[in-house]
A.B. asks: 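To start, I am sharing the structure in question, which I have written as structure tokens.
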Amino acid sequence: MKQIVILASGSGSNAENIITHFQEHPEIQVAAVLTNKKEAKVLERCDRLQIPAFYFNHTSFRDSDTVVKFLQGLSTDLIVLAGFLWKIPENIISAFPNKIINIHPALLPKYGGKGMYGERVHQAVKENGETETGITIHYVNEHYDEGAIIFQAKTTVNPSDDADSIAEKVHQLEYEHFPKVIEKLLS
Ligand code: GRF
């Protein structure tokens, strides 16, 4: 079995979508979800879906090998960031070369970088009068949103769209494509 570990900080709707996608898969499974937020909604989802979920604090994430050892202990084949807000430290990146991917809710290199997440991204897309936006799935390196791009998909932005409706369109793209891209990478 190939093992996916998902890192999520918030709601975790992508995490749930990925977990559900691989529930009956013969060769790939979600081994665990890790979060840096004790109150993250993703924990409720994991409870309901019966997926092991773990919380870690900043010290164990940034200043020790605790998380690396934990991930190695699970024989992790792919680390999937799905709405995970901390920068990935060098020790995790070097322990898992080309095995960490992220989804960004815009067409990188536009609207990426530190502080560009969630609502802020869609707001900026709207304010700049973009006529299209989308999703980017990319490898993770030591800089926010700069690793090699694996996949992008686009959607249109109409004058009547606001940040919420843009977010909704982008989420639909995420649900449609993220599990398939993960499956392809692991197959
Ligand atoms: C998604 O839009 C993803 O692209 C971004 O954070 C959001 C997470 O949403 N990185 P959810 O927690 O999966 O609902």
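Any value given below was found using the heavy atoms of this structure, including those in side chains, with hydrogens, waters and symmetry copies removed. Just follow the structure's listing: the first ligand is 1, and inside any ligand the first atom is 1.
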A.B. asks: Aromatic rings Phe61 and Phe84: how do their planes relate, parallel, tilted or perpendicular, breaks at 30° and 60°?
C.D. replies: perpendicular
A.B. asks: Please state whether the rings of His177 and Phe151 are parallel, tilted or perpendicular, taking 30° and 60° as the class boundaries.
C.D. replies: tilted
A.B. asks: Are any side-chain N or O atoms of Lys154 and backbone N or O atoms of Thr133, one a donor and one an acceptor, separated by less than 3.5 Å?
C.D. replies: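 No, because the side chain of Lys154 does not come within donor-acceptor range (under 3.5 Å) of the backbone of Thr133.
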A.B. asks: Mind checking what makes salt bridge (Lys or Arg N to Asp or Glu O under 4.0 Å) contact with Lys110, not counting sequence neighbours?
C.D. replies: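 Lys110 satisfies salt bridge (Lys or Arg N to Asp or Glu O under 4.0 Å) with Glu130 only.
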A.B. asks: Applying the side chain to side chain contact (heavy atoms under 4.5 Å, CB included) criterion to Asn102, which one of Leu108, Val80, Asp145, Asn141 satisfies it?
C.D. replies: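 Considering Leu108, Val80, Asp145, Asn141, a side chain to side chain contact (heavy atoms under 4.5 Å, CB included) with Asn102 is found only for Asp145.
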A.B. asks: Ignoring hydrogens and geometry beyond distance, is a side-chain donor-acceptor pair present between Glu146 and His138 at under 3.5 Å?
C.D. replies: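 The answer is no; no qualifying pair exists.
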A.B. asks: May I have a table of the N/O to N/O pairs between ligand 1 and the protein that fall below 3.5 Å, each row giving the two atom names and the distance to 0.1 Å?
C.D. replies:
| unit_1 | atom_1 | unit_2 | atom_2 | d |
| --- | --- | --- | --- | --- |
| ligand 1 | 2 (O) | Glu174 | OE1 | 3.1 |
| ligand 1 | 2 (O) | Glu174 | OE2 | 3.0 |
| ligand 1 | 4 (O) | Glu174 | OE2 | 2.3 |
| ligand 1 | 9 (O) | His171 | NE2 | 3.4 |
| ligand 1 | 10 (N) | Ile103 | O | 3.0 |
| ligand 1 | 12 (O) | Gly12 | N | 2.7 |
| ligand 1 | 13 (O) | Ser13 | N | 3.3 |
| ligand 1 | 13 (O) | Asn14 | N | 2.8 |
| ligand 1 | 13 (O) | Asn14 | ND2 | 2.9 |
| ligand 1 | 14 (O) | Ser13 | N | 3.1 |
| ligand 1 | 14 (O) | Ser13 | OG | 2.5 |

